[in-house]
There are 2 protein chains.
Amino acid sequence: MARAGLSPDAIVDLALQIIDEEGPAGVTLSAVAGRAGVATPSLYKHVRNLAEVNTLVSIRVMDELADRARELVLGLSGAEALHAFMNVWREYVRSNPGRYAAMIQAAQPELAEAGGRLVDILLALLRGYGLEGADAIHAARCVRSAVHGFAVLEAAGGFGLPVDLDDSYEQLKRMIISGLPKTDRPHV
Amino acid sequence: MARAGLSPDAIVDLALQIIDEEGPAGVTLSAVAGRAGVATPSLYKHVRNLAEVNTLVSIRVMDELADRARELVLGLSGAEALHAFMNVWREYVRSNPGRYAAMIQAAQPELAEAGGRLVDILLALLRGYGLEGADAIHAARCVRSAVHGFAVLEAAGGFGLPVDLDDSYEQLKRMIISGLPKTDRPHV
DNA sequence: CGACCAAGGCTAATGAGGTTAGCTTTACAG
DNA sequence: CTGTAAAGCTAACCTCATTAGCCTTGGTCG
């Protein structure tokens with residue numbers, strides 16, 4: 001049998017393909033093995049089990065989101081940076097609903113590190129905005145909650161009424177950003 | 001065989017028991033049938049399949065949350081009512097993390113009606129606050145996003161840092177409520 | 001060159017879980 | 001007392017995940 005050139009990374013690639021085409025529920029070891037042109041048990045030479053595949057996928061997705069956020073926010077500061085940050089997040093979820101859905105239902109501990117990168121970017125933005133320490137943590141939690149909640153509800157089709165979603169999101173961003181605590185140091 | 005007195009409702013009761021004790025992943029037809037003292041296939045006399053059980057559970061949970069919200073918000077108005085509404089929601093998720101987790105991963109269409117009740121309560125609050133029409137919809141979406149996002153992240157252990165969560169939630173509520181658009185009609 | 005050996009594949013088998021088909025029993029109405 | 005529909009049951013099948021144990025490949029080193 002010709003070697004299939006598998007690796008944990010390659011398996012995650014295939015899993016993401018499946019997620020994009022069929023949704024998170026389509027990710028079974030048989031499906032992944034099928035795409036790899038390999039018998040199902042062969043996958044166990046590269047990953048511990050299905051749970052690990054899901055965890056690796058989650059980490060990959062989180063990293064992908066963090067990368068986009070870092071790129072697009074680079075060079076911005078203050079309210080502009082926060083707007084951009086929140087926009088990137090929503091855009092990512094809209095463009096990749098399956099991936100985001102797959103991400104938010106995997107193990108905690110392994111995700112902590114990947115999630116930490118995203119929080120770090122946010123904390124950096126808030127620092128540029130004049131927030132440090134506990135204030136920054138509270139603010140970051142508010143931003144994350146709002147963005148995550150909106151993104152999840154939108155992706156799930158939870159907003160049924162025929163009123164423009166972009167407008168709603170604009171308002172949410174304004175609420176959060178203008179509601180940040182006033183600091184002595186005016187933001188850059 | 002003595003009749004077991006099953007019904008879709010009774011099945012949902014058992015499923016909720018399992019969710020509370022073992023989490024949403026424990027809800028299998030075998031597990032439900034076991035608690036009912038019945039063979040697995042017997043359940044099919046009352047529900048179409050596992051997916052329907054999950055949908056019914058979601059509807060029940062949504063209704064439960066809506067009931068609590070309506071009760072606790074009754075007689076309040078303005079900012080006070082919105083605070084109470086947001087508090088009830090978070091409290092429910094904290095007290096019933098498994099149920100909420102089970103709810104947010106079921107079919108959309110069947111949930112629409114149950115979810116609508118919750119939105120109606122919120123829209124009523126916002127009307128008392130002076131918001132109508134599209135403004136009210138936008139505001140309701142912001143409130144839902146913030147509350148849902150915070151609740152989900154908290155339940156998933158997504159807030160790792162040792163900073164008080166109650167304080168964060170207070171700030172989030174204030175951000176949202178004080179960020180509501182000003183209306184000509186001052187709220188009651 | 002050729003033997004070794006580990007990595008990477010494979011088949012077979014087990015067990016959980018969902019689902020269907022078809023038979024049997026219960027409970028109640030007439 | 002009997003007929004019938006609802007509510008059980010067993011048997012069987014399918015898909016998946018997972019484990020065990022075997023075979024092959026391909027590179028490394030004598």
Side-chain angles (χ1 to χ4, degrees), chain A residues 1-60 98 101-103 105-110, chain B residues 1-60 98 101-103 105-110:
Chain A
M1 308 291 143
R3 298 283 164 107
L6 280 182
S7 68
D9 255 19
I11 289 176
V12 171
D13 288 340
L14 294 171
L16 287 174
Q17 257 183 38
I18 296 171
I19 288 171
D20 290 340
E21 293 172 23
E22 312 168 29
V27 179
T28 68
L29 289 181
S30 334
V32 172
R35 292 193 183 227
V38 139
T40 306
S42 303
L43 297 179
Y44 287 83
K45 297 288 178 172
H46 305 279
V47 292
R48 200 189 336 270
N49 50 31
L50 177 61
E52 189 182 24
V53 174
N54 289 328
T55 299
L56 292 176
V57 166
S58 297
I59 292 174
R60 174 82 73 85
M103 186 196 74
Q105 58 198 41
Q108 277 81 53
E110 294 87 347
Chain B
M1 309 292 142
R3 297 285 166 108
L6 279 183
S7 69
D9 255 19
I11 288 176
V12 171
D13 288 340
L14 295 172
L16 287 174
Q17 258 183 39
I18 295 172
I19 288 171
D20 290 341
E21 292 172 22
E22 312 169 29
V27 179
T28 68
L29 290 181
S30 334
V32 172
R35 293 196 183 225
V38 139
T40 305
S42 303
L43 298 178
Y44 286 82
K45 297 288 176 175
H46 304 279
V47 290
R48 198 189 340 270
N49 50 31
L50 177 61
E52 190 181 26
V53 174
N54 289 327
T55 298
L56 292 176
V57 166
S58 297
I59 292 173
R60 174 82 74 84
M103 185 196 75
Q105 59 198 42
Q108 277 81 55
E110 294 87 347

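Every chain is numbered from 1 and lettered A, B, ... according to where its sequence line falls, protein lines coming before strand lines.
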(request) Give, for atom OG1 of A:T55 and atom CD of A:E110, the distance between the pair rounded to the nearest 0.5 Å. (result)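 Rounded to the nearest 0.5 Å, the OG1-CD separation comes out at 5.0 Å.
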(message) Please give me every residue in residues 44-51 of chain B whose heavy atoms get under 4.0 Å of an atom in DNA chain D, ordered by residue number.
(response) B:K45, B:H46
Ignoring hydrogens, what is the shortest heavy-atom contact between [X] and [Y]? Give both atom names and the distance.
| X | Y | result |
| --- | --- | --- |
| A:R60 | A:D9 | NH2-O, 3.2 Å |
| B:A36 | B:A4 | O-CB, 4.1 Å |
| A:P24 | A:G98 | CG-O, 3.5 Å |
| A:L6 | A:L43 | CD1-CD2, 4.0 Å |

(request) Test B:L56 against B:V53 for side chain to side chain contact (heavy atoms under 4.5 Å, CB included), laying out the working first. (result) CA-CA 5 Å; B:L56 292 176; B:V53 174; 5.8 Å; no
(message) Between B:V57 and B:V27, is the side chain to side chain contact (heavy atoms under 4.5 Å, CB included) condition met? List the steps.
(response) CA-CA 10 Å; B:V57 166; B:V27 179; 5.8 Å; no
(request) Using heavy atoms and a sub-4.0 Å distance, could you list which residues of residues 9-39 of chain A are near DNA chain C? By number, please. (result) A:V38, A:A39
(request) Using side-chain hydrogen bond (donor to acceptor under 3.5 Å, both in side chains) as the criterion, list what pairs up with B:R35, not counting sequence neighbours. (result) B:Q17, B:E21, B:E22
(request) Compare side-chain N and O positions of B:S42 against OP1 and OP2 of D:dC9 and report whether any pair is under 4.0 Å apart. (result) yes
